[in-house]
Amino acid sequence: MNGCAPGAGDRGAVCVREARALPAAPAPQDAVGQLRAAVDALGAGTPPAAPSGIIRIEVPIRQRVDAVGWLHAQSALPRCFFSARAPLPDAPAIAGGNGNGGLGGRWKEPVSVAGVGSAVFFRGTEPFSLSDWRAIKRFLSKDCPLIRAYGAIRFDATSDASVEWEDYGSFYFIVPQVEFNELEESSVLATTIAWDDSLSWTWHNAVDDLQSLLQKISPCSVEVNTSSLHTTIMSLNHVPTNASWDLAVTKALQMIKERERELVKVVLARCSRYITDTCIDPVELLACLKVEGQNAYQFCIQPSDAPAFVGNSPEQLFHRKYLNISSEALAGTRARGETRADDFQIGQDLLLRSLSLLRICNCIKIEEFRMICDEVVVHPSKALRKLPRVQHLSAQLAARIRNGDDEFEILNTLHPSPAVCGLPTEEARQFIRDYEIFDRGMYAGPVGWFGGAESEFAVGIRSALLGKGHSTLVYAGAGIVEGTNPSFEWDELDLKASQFAKLLRYREQHICYQEAENMGTVI
C-alpha cells in the first residue's frame, strides 16, 4: 500500500492508531511464535469497523540481541536499518523540558532498528512535499512513538533519476511489517498491520500479507563477519576521472573568484564503481561499518527488487523530540594523525583553516532556524569531531519549533546543508546540476525516520549503493572554496571512501580507471 496516493495527505489521521504489548519472551524464537499466534487471532476474529488504521503488536525479549544479526537472517524485502549515533558530549539544550508537558521518557529508545516488509510504504516521483509529509504523518502518533517510517529523500529531486536509483523515486519510506528493536539491555520484536480502504488495501489484505511474511521470518540471528567482506576488486572506475575532476574544480574556483558571482563554496562529489569477484551482501557491509561507527549513523534502505543504500554518516541533519530540535554544522576534513601529537597538530590546523567557513554555516543555520523557531542556542562555537580515519570541525545547535507542522519546514530548510551542497545554496546546487556527470540519488540527501513524538535524520554521506550483481557504487564529496587545491581534494575523496575500500581486496594486476558519461546502468 502506497500511502502517498493523490490526496492522501488531505484526509487526516487514520481512524485507529494503537500499540499492543504481549507478555515478555525469553528469546527471539519464542517472540516469533507469539506474534504469529496474535496475528492469526486477528485474522480469525471480527475485522475492525474502522475503514483505516495502524496497529503495532510487540513482544519484549529478555535479552539483548544484535539487530544486524537478526536482519542478516532474514530474506524478505523491502528492508531497512537505522542505528542512532552515540550522544555527543556537551550538546546544547533548550530550557523548559521536552516541550510536551512532561511526556518524555515513556518509552525505551532503541539502539538499532531493523525491519522487513512494509505495512505501508511512501514513494513519489515529484519532490517531497508538505502533502507527502502529511500522508506519512497520518499513520504516526505521539501515543505510539515506535511506529516510525524509515527511508530517504533524493539530494536533488528536480534532476532526472538514473536507472540504479529509479526504484527509490524522489523519496522512499516504509513502516516495516516486522521490526526488531535492539535496546541497551533487552530487545523487542514487533509487527505492524496497516489498512486503508480508500487506498484499496483492506484489513483482510493486510492480515493475509502479514501472515505470509511472518511464516518467512527466521526466529534466529546469524553471526556476521565484521572484519572484511572476503571479496576482491576486479576493476574500479571513477566518475569523474582525476583529470575531469581537476577541470570541474578549476571551473568552480573561477566562479568563486569572480566578484559579480555570489558563489562562496560548492561541494563536488565522485562516484566510484567497484566490480568485485563476488556479490557483496549489504548487511555484511553494514556490520563492518557498524564496528567503527559509534560516532556515526549506520543505515540501510532497500526497496523490493532494488539496490541497497548503505552508509555510515557522521552528520546529523536534525533530531526532533516533541517540539525540540537539534542540528549541527560540519566544516573541513582532515585525516587522523598516526601519533597523538600528529593528530593534535592536524586538528589545530583544521581549526585555523576552517573556522571562518564554520562561522558562515552557523550564521546561515541560525538565521534559518529563527524564521521557524522561537529560540536558538549554539554550542560550542568550535569543536573537533574525531572519527576513526577523519576529523571535522563542528558546532551544535538547538531550537524549539512552534508547532509540530513546522517539522516539514525544518527538513525543507536544512536540506541541502552547506556541507553537501555549498553556499549560497541555489547557486551551488545549480553548479552541481551543470557540472556533475552522475546522479547522486539519495547520496547526500536526508536519511532517517519520522515518528509521532520524535524524528531523526542524518545526511546520507559516506555511503554506497549495492546492486544484486557484482557492482558497488561508492560516493564521496569535497568542498571547494577559494584557495582549494584540486589534487588535495581528490585525496580527500579517497580518504572518505577508505572505510569502504579497506574492506575489499585488490587483485594483483593493474586496475584500469575509466570515465563514463553517466552511471545510469543496472548494477
Side-chain angles (χ1 to χ4, degrees), residues 155-156 158-159 237-272 314-315 329-335 346-365 382 390-395 415-440 443-445 459 461-462 474-498 513-519:
F155 170 78
D156 185 357
T158 65
S159 63
N237 302 327
H238 292 312
V239 179
T241 61
N242 200 331
S244 296
W245 169 264
D246 288 349
L247 291 174
V249 172
T250 300
K251 179 62 178 178
L253 291 172
Q254 289 174 351
M255 293 183 64
I256 289 171
K257 289 178 180 178
E258 293 176 5
R259 295 189 179 277
E260 65 273 15
R261 304 270 189 175
E262 296 183 1
L263 191 64
V264 174
K265 172 188 177 182
V266 62
V267 180
L268 297 179
R270 184 182 76 186
C271 179
S272 302
E315 184 175 0
L330 295 183
T333 302
R334 295 291 187 276
I346 292 170
Q348 293 305 301
D349 179 68
L350 179 60
L351 284 168
L352 291 172
R353 293 177 179 270
S354 300
L355 183 56
S356 60
L357 184 59
L358 180 67
R359 285 172 176 162
I360 293 172
C361 295
N362 271 344
C363 290
I364 290 173
K365 278 202 169 184
K382 57 179 180 179
V390 298
Q391 50 190 313
H392 305 283
L393 195 60
S394 72
H415 173 72
S417 72
V420 295
C421 183
L423 297 167
T425 300
E426 285 311 313
E427 286 78 0
R429 182 153 43 188
Q430 189 58 51
F431 187 94
I432 292 168
R433 289 173 184 148
D434 293 341
Y435 291 96
E436 275 193 358
I437 57 175
F438 68 92
D439 177 22
R440 290 192 181 191
Y443 164 71
V459 180
I461 54 176
R462 315 293 154 80
V474 175
Y475 301 90
I480 311 304
V481 297
E482 188 171 1
T484 289
N485 183 311
S487 63
F488 290 170
E489 300 309 315
W490 183 265
D491 292 342
E492 182 179 311
L493 297 176
D494 289 337
L495 181 63
K496 290 176 176 176
S498 64
Y513 294 86
Q514 65 185 36
E515 181 173 4
E517 285 302 314
N518 193 287
M519 301 299 284

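All residue numbers refer to positions in the sequence shown, counting from 1.
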Closest non-hydrogen atom pair between Lys496 and Ala476, with its separation: CB-CB, 4.1 Å
Shortest non-hydrogen contact from Tyr443 to Gly477? OH-N, 3.1 Å
Taking all non-hydrogen atoms of both residues, which atom of Arg440 and which atom of Val420 are closest, and how far apart? NH1-O, 2.9 Å
Can you tell me how far apart CZ (Phe488) and CG (Leu493) are? Round to the nearest 0.5 Å. 14.0 Å
With a 4.5 Å limit on heavy-atom distance, are the side chains of Tyr435 and Leu247 in contact? no
Heavy-atom closest pair, residues Ala444 and Val459: O-CG1, 3.9 Å
Angle between ring planes, Trp490 versus His238, binned at 30° and 60°: parallel, tilted or perpendicular? perpendicular
Working for side-chain contact (heavy atoms from CB on, under 4.5 Å), residues Asp494 and Arg270: CA-CA 10 Å; Asp494 289 337; Arg270 184 182 76 186; 3.0 Å; yes
Can you tell me how far CD1 of Ile432 sits from CD of Gln430, rounded to the nearest 0.5 angstrom? 10.0 Å
Flag the pair Thr250 / Gln254 as yes when at least one side-chain heavy-atom distance between them is below 4.5 Å, and no otherwise. yes
Are side-chain heavy atoms of Phe431 and Arg429 found at a separation under 4.5 Å? no
Min side-chain heavy-atom separation Ile461-Pro314 under 4.5 Å: yes
Given Glu489, Met255, Lys265, the one that forms side-chain contact (heavy atoms from CB on, under 4.5 Å) with Ile480: Glu489
When you check the side-chain N and O atoms of Thr158 and Arg433, is any donor under 3.5 Å from an acceptor? yes
Quick check: closest heavy atoms across Val267 and Pro418, and the distance to 0.1 Å? CG2-O, 3.6 Å
Check whether any side-chain N or O of Glu436 sits under 3.5 Å from a backbone N or O of Ala269 as a donor-acceptor pair, and report yes or no. yes
With heavy-atom distances below 4.5 Å as the criterion, would you say the side chains of Ile256 and Glu427 are in contact? no
Using a 4.5 Å cut-off on heavy atoms from C-beta on, say whether the side chain of Thr484 contacts that of Val249. yes
Nearest atoms (heavy-atom pairs only) where Ala428 meets Cys421: CB-O, 3.4 Å
